[in-house]
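Notes for the one structure printed next.
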Amino acid sequence: MSVKVRTADGDAIREAAQILARGGLVAFPTETVYGLGVDATNGDAVARLFAVKQRPSINPLIIHVRDFASAERVAFFHPLAWRLAERFWPGALTLVLPLKRDAGISLLANAGLETVALRVPSHPTAQRLLALSELAIAAPSANPSGRISPTRAAHVAGDLGEKIDLLIDDGPSALGIESTVTGFEGNRAVLLRAGAIGRDVIEPITGPTALPCFGNRPSAPGQLASHYSPRAQLRLEARSVSKQEALLAFGPDVPPGGVQTLNLSARANLAEAAANLFAMIRCLDASGTRTIAVMPIPREGLGEAINDRLERAAAPREPLS
Ligand code: TXA
Ligand code: MG
């Protein structure tokens, strides 16, 4: 049996809301990547989500809510969080804030932490699903743990197949890279995961961000070094390509050779490169090549998140226990 896929119309979104209310799993589009959603207050549903993704239970989920008022019912807002939410919500920013216990969020969803990660997505289909279901939706990226995130419905179908109850197809994700995860320590914002909103646009609002401190467990386990593994090895900062390699290019000057070349952005545009990143890695990986050479990508703005994902994809595999 294959996964049930529906195009994102009113009927499909209503069905999705009903499935969530019954404790089911629905994959849906967001502006960053596709998410795999469950009712965040339903512990059984959250447990099934962890099992389907084979996600370590120490890795907390992002809770998606409809608007700022709904977010305030779930967490206490830091003054800087107010300002960031005002500027970037709805959108690709996740805020890690002290949890209000009486909000009823399943303990498993935030891995029993004192904090909870919240995001108000801007994608119209995600928004309609949140409005119709009237739920807080716990939704990690809709990929098996440790694999690259899906930016097309077909990626979700291929990765998770019949393990989910419904997949809503609404075309490619516009941004193509996950949300920026920001926490707070004292009077500072802490960038926990680089993402679709660059440090360069966050810092004018928050002032300089602090570096995350690592305790016994990563404060954002998405920081596990090999979190985004394709099958092929990645060779970064490549300025040439050998006959056996595939090439992930960037910019107008592409070295010749290679079994296959895809260009993240021929006009060297970082937003375009982010939107293409995961889909192009998947495509080159599927060609069966053993090595993907990746051209250098500037580290400013969105380039920070792109290089972060590439470095993790290139890192030696770690067991995800
Ligand atoms: O763009 C996105 O953020 C996508 C879409 C679907 O919204 N979601 C996503 O979720 O990327 P996921 O589960 O793949 O990544 C969530 C990240 C992880 O790095 C997790 O460790 C971190 O958020 N996180 C969640 N709760 C946290 C918390 N209480 N403290 C610190 N980090 C947290
Ligand atoms: Mg993920």
Side-chain angles (χ1 to χ4, degrees), residues 26-38 40 46 49-50 52-65 74-76 88-99 105-123 125-127 129-130 136-151 155-156 159-160 168 170 173-185 190-197 212-215 217-229 274-275 277-278 305 308-309 312-313 320:
V26 175
F28 63 96
T30 84
E31 68 277 21
T32 57
V33 300
Y34 274 71
L36 181 58
V38 295
V46 175
L49 171 61
F50 272 92
V52 162
K53 271 192 61 110
Q54 297 181 291
R55 181 178 176 109
S57 60
I58 58 154
N59 193 354
L61 306 173
I62 295 175
I63 313 297
H64 297 67
V65 291
V74 180
F76 298 97
F88 295 113
W89 276 0
L93 179 75
T94 295
L95 297 172
V96 174
L97 298 165
L99 171 71
I105 300 298
S106 143
L107 276 173
L108 189 55
N110 73 327
L113 299 173
E114 301 288 311
T115 54
V116 63
L118 288 176
R119 177 160 105 81
V120 177
S122 65
H123 194 291
T125 297
Q127 272 288 337
L129 184 57
L130 286 162
I137 300 178
S141 49
N143 52 285
S145 189
R147 296 280 159 193
I148 54 179
S149 296
T151 56
H155 299 160
V156 182
D159 281 355
L160 296 172
I168 297 190
D170 207 358
S173 302
L175 300 175
I177 203 154
E178 301 89 342
S179 64
T180 302
V181 180
T182 306
F184 304 91
E185 259 168 39
V190 185
L191 208 64
L192 296 170
R193 179 178 74 179
I197 294 178
C213 310
F214 287 90
R217 58 174 152 176
S219 51
Q223 297 171 343
L224 294 172
S226 69
H227 194 66
Y228 294 88
S229 311
L277 182 68
F278 291 145
D308 168 85
R309 301 306 186 272
R312 287 173 213 215
L320 283 165

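Order of listing sets the numbers, starting from 1, for every ligand and every atom in it.
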- Message: Working note: Ser149 + Glu178, criterion side chain to side chain contact (heavy atoms under 4.5 Å, CB included); need CA distance, chi angles, decisive distance, verdict.
- Response: CA-CA 8 Å; Ser149 296; Glu178 301 89 342; 2.5 Å; yes
Under 4.0 Å to a heavy atom of [X] - the qualifying atoms of ligand 1, by number:
{"X": "Ile62", "value": "3 (O), 8 (N), 9 (C), 10 (O), 16 (C), 23 (O)"}
{"X": "Ala117", "value": "25 (C), 26 (N), 27 (C)"}
{"X": "Leu113", "value": "28 (C), 29 (N)"}

Any N or O of [X] closer than 3.5 Å to N or O of ligand 1:
{"X": "Thr32", "value": "yes"}
{"X": "Thr115", "value": "yes"}
{"X": "Glu178", "value": "no"}
{"X": "His64", "value": "yes"}
{"X": "Tyr34", "value": "no"}

Heavy atoms only: give me the nearest Ala92-Leu175 pair and the separation to one decimal.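 That closest heavy-atom pairing would be CB-CD1, 3.8 Å.
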So, 4.0 Å and heavy atoms of Leu61: is ligand 1 close enough to count as a contact?
yes
**Asked** Is Asn143 close enough that one of its N/O/S atoms sits under 2.8 Å from the Mg ion (ligand 2)?
**Response**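 Here the distance criterion (N, O or S atom, under 2.8 Å) is not met by Asn143, so no.
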With sequence neighbours excluded, residues passing ring pair (Phe, Tyr, Trp, His ring centres under 6.0 Å) with Phe50:
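Residues passing ring pair (Phe, Tyr, Trp, His ring centres under 6.0 Å) with Phe50: none at all.
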Would you mind finding which of [options] brings a heavy atom closest to [atom]?
{"atom": "atom 2 (C) of ligand 1", "options": "Gly112, Ser179, Ala92, Ala75", "answer": "Ser179"}
{"atom": "atom 24 (N) of ligand 1", "options": "Ala27, Gly195, Pro60, Pro140", "answer": "Pro60"}
{"atom": "atom 8 (N) of ligand 1", "options": "Gly35, Pro98, Ser173, Ser141", "answer": "Ser141"}

Would you say [Y] and [X] are linked by a side-chain donor-acceptor pair, where the criterion is simply a distance under 3.5 Å?
{"X": "Arg193", "Y": "Thr182", "result": "no"}
{"X": "Glu31", "Y": "Ser173", "result": "no"}
{"X": "Asn59", "Y": "Arg55", "result": "yes"}
{"X": "Arg119", "Y": "Thr32", "result": "yes"}

From the list Leu95, Ile137, Val116, Thr94, side-chain contact (heavy atoms from CB on, under 4.5 Å) with Ile62 holds only for Thr94
_Quick one, Val181 and Val96 - any side-chain contact, counting heavy atoms below 4.5 Å?_
yes
*Side chain or backbone of Arg55 under 4.0 Å from ligand 1, or both, or neither, by non-hydrogen atoms?*
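The side chain, only.
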